[in-house]
Number of protein chains: 2
Amino acid sequence: MPAPSDPVDTVLELENFLPYQLNVCSSRVSEALSRIYGERYQIGVPEWRVLVTLGQFETMTAKAIGLHSHMHKTKVSRAVAMLERRKLIGRRANRADMREAFLSLTPAGREIYNDLAPSALEFARQLLDTIAPDDRAMFCRVMSKLNERADQIARNIAKEIGEDRAEDRINPVAKERFRG
Amino acid sequence: MPAPSDPVDTVLELENFLPYQLNVCSSRVSEALSRIYGERYQIGVPEWRVLVTLGQFETMTAKAIGLHSHMHKTKVSRAVAMLERRKLIGRRANRADMREAFLSLTPAGREIYNDLAPSALEFARQLLDTIAPDDRAMFCRVMSKLNERADQIARNIAKEIGEDRAEDRINPVAKERFRG
DNA sequence: TGACGATGGTTGCTAAAGAAACTAGTTTTC
DNA sequence: GAAAACTAGTTTCTTTAGCAACCATCGTCA
């Protein structure tokens, strides 16, 4: 019988099944994190990501934000719209290409970012402070490998069934579901 | 300047921020996985979890399934309802407690499970086959620690702001959002 | 130049997820 | 032994996510 923490088993046990473990871990962590900014600033994950991305890069188009923060363009669009309504970010037209616009934090937005970023870093510090630095680095490396591998496998399957390549999908899912 | 894979930074960079990395990794992995069963059986993650849990434990109540698979009771309820409509699981009343019912796979459900479980294990094998066994074990240990730590932090925050303890929440979120 | 395809971004529609309210049954308490 | 408190599970309602269709603009190629 495999050890309970052995990630490769011969019988399918949910609690030792990597995709499940990852999902649970991810949602527990982001749940904890969202308690820090959710209550305080009344924003959700997408808005948080937009704020942080703009805080990091000063000025960006919605497209670039989506690419960098791994979000679907509609998610970005809506998050941007709400942050704009709240006057936390502003937009400046790109005279060279009127389709897109340059987004950046307003002073009010920068203020929130300046408070929000340290709390987030502090949160990450607390999360990781019981984990040895070597293990942290290793953990990141494994995550990257998993990402790579997952994409590889997904591509293979897509090729097998000859799927149409929808270009602007972030989380492509099966299109039709059984609707009993 | 910190190395790009250093999980502890002094500036907030999304791509090196653990909760973000976890979220991306988790969704890419489950996206890839869902391609295996989604297309083939027309089910989603909740249904998959119910099937797998019942495959593992033979008979269970909805409550127990939710506990074991970390799902909100409404999610379980709906997944069960759809699997029942498709005659993949059946229910037997518990004469000793008529509130709950014992759920288990029908032969048809077991058949699907018998095909589905090996593919899932094979998927996990492919995911992990480039990762050294020691690293796999380490990865799992770190995930458990992160889970623990995340809950701890969340509890602390909840205590600080003196939150009401909603007992049947799996992913509690901020209650009120700004609706610009 | 001007049609045609591609691209950035928004909107409309549908599906999924969770909170809260509810139903039905069980346990506790006085 | 009945009212109150509690529990398993379902339903309703609201929010959120994503796909598809769309609009406006841009690049290309005849």
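Chain A is the first sequence line, chain B the second, and so forth, proteins listed ahead of strands; every chain is numbered from 1.
- For the residue pair A:R155/A:Q152, the side-chain donor-acceptor check at 3.5 Å is not satisfied.
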Could you write out each protein N or O paired with an N or O of nucleotides 10-13 of chain C at a distance under 3.5 Å?
unit_1: C:dT10; atom_1: OP1; unit_2: A:R91; atom_2: NH2; d: 3.1
unit_1: C:dT10; atom_1: OP2; unit_2: A:S77; atom_2: OG; d: 2.8
unit_1: C:dT10; atom_1: O5'; unit_2: A:S77; atom_2: OG; d: 3.4
unit_1: C:dG12; atom_1: O6; unit_2: A:R78; atom_2: NH2; d: 2.7

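- Of the residues in residues 95-103 of chain A, those placing a heavy atom less than 4.0 Å from an atom of DNA chain D are A:D97, A:M98, A:R99, in numerical order.
- Applying the side chain to side chain donor-acceptor pair (under 3.5 Å) test to every pair with at least one member in residues 114-123 of chain A, sequence neighbours left out, gives these pairs: A:R40-A:D115, A:Y41-A:D115, A:E122-A:R125, A:E122-A:Q126.
- Atom CZ of residue A:R28 and atom CE of residue B:M143 lie 11.5 Å apart, to the nearest 0.5 angstrom.
- Note on B:K63: every side-chain N or O is 4.0 Å or more away from OP1 and OP2 of D:dT7.
- Across the protein-nucleic acid pair, B:E47 atom CD and C:dA15 atom P stand 14 Å apart, rounded to whole Å.
- Applying the salt bridge (Lys or Arg N to Asp or Glu O under 4.0 Å) test to pairs two or more places apart or on separate chains, those with a residue in residues 53-66 of chain A are A:E58-A:R110.
- Atom CD1 in B:I43 sits about 15 Å away from atom C1' in C:dA16, given to the nearest Å.
- Put simply, NE2 on B:H68 is 18 Å from P on D:dA8, counting in whole angstrom units.
- In this structure, the NE2 atom of B:H72 is 12 Å from the C1' atom of D:dG9, given to the nearest Å.
- A salt bridge does not link B:E39 with B:R35: none of the charged nitrogens is closer than 4.0 Å to a carboxylate oxygen.
- Rounded to 10 degrees, the angle between the two end axes of the helix from C:dT1-D:dA30 to C:dC30-D:dG1 is 10°, with five pairs used at each end.
- Regarding A:K75, its NZ atom lies at a distance of 10 Å from the P atom of D:dC19, rounded to whole Å.
- With sequence neighbours excluded, the residues satisfying side chain to side chain contact (heavy atoms under 4.5 Å, CB included) with A:P19 are A:F17, B:V29, B:L33, B:F123.
- For the pair B:M71 CE and C:dA19 P, the computed distance is 15 Å after rounding to whole Å.
- Taken to the nearest 0.5 Å, the CG atom of B:L146 stands 5.5 Å off from the CG atom of A:L127.
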